[in-house]
**Student:** 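Below is one structure. I have some questions about it.
Just so we're on the same page: letters track the sequence lines, and every chain starts at 1.
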Amino acid sequence: MSLLVDKVTKRFDRFAALNDVSFEAPKGAFVALLGPSGSGKTTLLRILGGLEFADTGRVSHENEDWLAKPARDRRAGFVFQQYALFRHMTVEKNIAFGLEVRPRKIRPSRAEIARRVKDLLSLVQLDDLSRRYPSQLSGGQRQRVALARALAIEPRMLLLDEPFGALDAKVRKDLRHWLRSLHERLGLTTIFVTHDQEEALELADLVAVMNKGRIEQIAPPQELRDHPATPFVADFLGQGSEQQAAVIPLRPRVR
Amino acid sequence: MPRRATEDSLATRLTVTIMSIAFIVLFLLMPLITVFTQALAQGWQAALAALKEPDAWYAIKLTLFVAAIAVPLNAVFGVAASWAIAKFDFWGKGFLVTLIDLPFSVSPVISGLVYVLIFGMAGWFGPWLRDHDIKIVFALPGIVLATMFVTFPFVARELIPLMEDQGREEEEAAVSLGASGFSTFWRVTLPNIKWGLLYGVLLCNARAMGEFGAVSVVSGHIRGQTDTMPLQVEVLYNDYQFVGAFAVASLLALLALVTLTLKSFLEWRYADEIAAAHRH
């Protein structure tokens, strides 16, 4: 197994955000962390990215003690829900950031950085927008810049927090297919957080259904549909999309 | 003109407008004009000569020197304090925020007095400082300390809301992309706050050069040694040297005008960038 999460627990004050969470995923898997807000999915993602620290438990990735590495050494490409693009930098500067901050010894030459930025821009289909600032882009374009920026560091794992959360329905569908095909091309272990069960079931190889800081069940989409392990899973997946439309806009964004 | 739902009657609007204009003219514009007319009452030459007078000239240099030390230090401390407050959670944070506001709420005279009580002859460290031949009160170090105390909040107050508004995500993104703490600060945090920092520094500078109360207490009023520009204005005025007093005063007023002009110009010139720094 490439990624192994073992009994991870995390509390904020007295609230247990993660309670004894364990799962494993093979190399190149596309894993969805699915659950209602407050279920701990974003906390788990942030722990994998090194932005939050687990109280107890272990994580190993490609036989390395993942939690012992500081965030900056993990090369985990993290895409934030609100993108967190550097607002004072152009698109190309944003994408080049991860390469330009490398220590001189391992920093690519200026020409090499420019070449890679150009490749990434065409990969995310934003060739013409390299000189724009984030505030001049649409939500979908910002999303792709954030992805290109994360990919620039040649990440060992890709972590996406509600990657389609801030986009409207049409753009969301298009990006979903594009992301799936990108994943197949790159073969990177990818973990994404979502509260949209349709999105999770359609995109992921493995779906981890989370509730109150625990993983209720982790399985391929088909198995999840056919054999839900707990009443919660059955209930959560059973929600029709018409109910969901009524529920989602009311959910507060939880950090 | 299009009509608005909130529009009041003509009489109300006229009254309010006239009242505010009258207020501004009477209380803000007239004194400013008086300062300049008094300074130039005996012509350019007289005003210029008054500024070149050794004590006045020394006061100008001393003021610039004090600001040149106090303002950069306050800029550094202000950035450090706002960074800590806006980007980290720690115990006692609310107390620290209140503490930063202290110089605004305490009378400047008290601020000066505190330094006299600590470093003065009869103060805690007085005898020790005398034995080691170190002068703080009634000397340059005291003036710098008092000025720094009074002007500390300007930079921090400008930056804390801005940095809190911007959140931590960009810094988190930088770290996840492999940036060191220093790189993150230098390439992400600092560029995002540069306009706020500039405002804070401008305001801080204006106040540092203009501070009277606190400096008055610690300076000891030694002419040609510890009199800064505002103190020199008082000295000259009390000596009935009105041209000299108003010449120095108009220099201070000019500084305020330059500060405001510069601020407005920057706001106009970089409106887009400033808006982008606030947008999320």
**Student:** In terms of heavy-atom contacts, does NZ of A:K118 have more than 12 from other residues, nucleotides or ligands at under 6.0 Å?
**Tutor:**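 At most 12 heavy atoms, drawn from other residues, nucleotides or ligands, come within 6.0 Å of this atom.
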**Student:** Considering non-hydrogen atoms only, spot the tightest contact between A:A84 and B:A173 and give its length.
**Tutor:**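 Distance-wise, the nearest heavy atoms are O-CB, 3.9 Å.
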**Student:** Is the number of heavy atoms from other residues, nucleotides or ligands within 6.0 Å of CZ (A:R110) greater than 12?
**Tutor:**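 For A:R110, atom CZ is not crowded (no more than 12 foreign heavy atoms under 6.0 Å).
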**Student:** Is it true that atom CZ of B:F95 has more than 12 heavy atoms of other residues, nucleotides or ligands lying nearer than 6.0 Å?
**Tutor:**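 For B:F95, atom CZ is not crowded (no more than 12 foreign heavy atoms under 6.0 Å).
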**Student:** List the atom of B:S176, the atom of A:I153, and the distance in Å for their closest heavy-atom pair.
**Tutor:**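 Reported closest heavy-atom pair: O-CD1, 3.8 Å.
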**Student:** To the nearest 0.5 Å, tell me how far B:E169 CD sits from A:L51 CG.
**Tutor:**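 Output value for this atom pair is 9.5 Å.
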**Student:** A:L99 versus chain B, heavy atoms under 4.5 Å apart: side chain, backbone, both or neither?
**Tutor:**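 For A:L99, neither part sits under 4.5 Å from chain B.
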**Student:** Taking atom CZ of B:R168 as the centre, report whether more than 12 heavy atoms of other residues, nucleotides or ligands fall under 6.0 Å from it.
**Tutor:**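 Counting neighbours around CZ of B:R168, more than 12 heavy atoms of other residues, nucleotides or ligands fall under 6.0 Å, so yes.
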**Student:** Give, for atom CG of B:L177 and atom CZ of A:R149, the distance between the pair rounded to the nearest 0.5 Å.
**Tutor:**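 CZ of A:R149 is found 5.5 Å from CG of B:L177.
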**Student:** What are the two closest non-hydrogen atoms of A:F80 and B:E172, and how far apart are they?
**Tutor:**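 It is CE2-OE1, 3.4 Å.
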**Student:** Once rounded to the nearest 0.5 Å, what's the spacing between atom CD of B:E170 and atom NE2 of A:H88?
**Tutor:**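 Spacing of CD (B:E170) from NE2 (A:H88) equals 7.5 Å.
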**Student:** Going by atom type alone, with no hydrogens or angles, which donor-acceptor pairs under 3.5 Å involve a side-chain atom of residues 180-188 of chain B and a protein atom two or more places apart or on another chain?
**Tutor:**
residue : atom : partner : partner atom : Å
B:S180  : OG   : B:S183  : N            : 3.1
B:T184  : OG1  : B:S180  : O            : 2.7

**Student:** Between A:A150 and chain B, with a heavy-atom cut-off of 4.5 Å, which part of the residue counts as in contact: side chain, backbone, both or neither?
**Tutor:**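 Just the backbone, heavy atoms under 4.5 Å.
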**Student:** Under a 4.5 Å cutoff for heavy-atom pairs, which residue among A:Y133, A:F86, A:F78, A:Y83 has the most contacts with chain B?
**Tutor:**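 The option with the most such pairs is A:F86.
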**Student:** In this structure, are over 12 heavy atoms from other groups packed under 6.0 Å from B:R157 atom CZ?
**Tutor:**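 For B:R157, atom CZ is not crowded (no more than 12 foreign heavy atoms under 6.0 Å).
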**Student:** Taking everything shown except B:F65 itself, do over 12 heavy atoms lie less than 6.0 Å from its CZ?
**Tutor:**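 Result for CZ/B:F65: open.
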**Student:** For the backbone of B:A179 and the side chain of A:R72, can you confirm whether one donor and one acceptor N or O come within less than 3.5 Å of each other?
**Tutor:**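 Side chain of A:R72 to backbone of B:A179: a pair is present.
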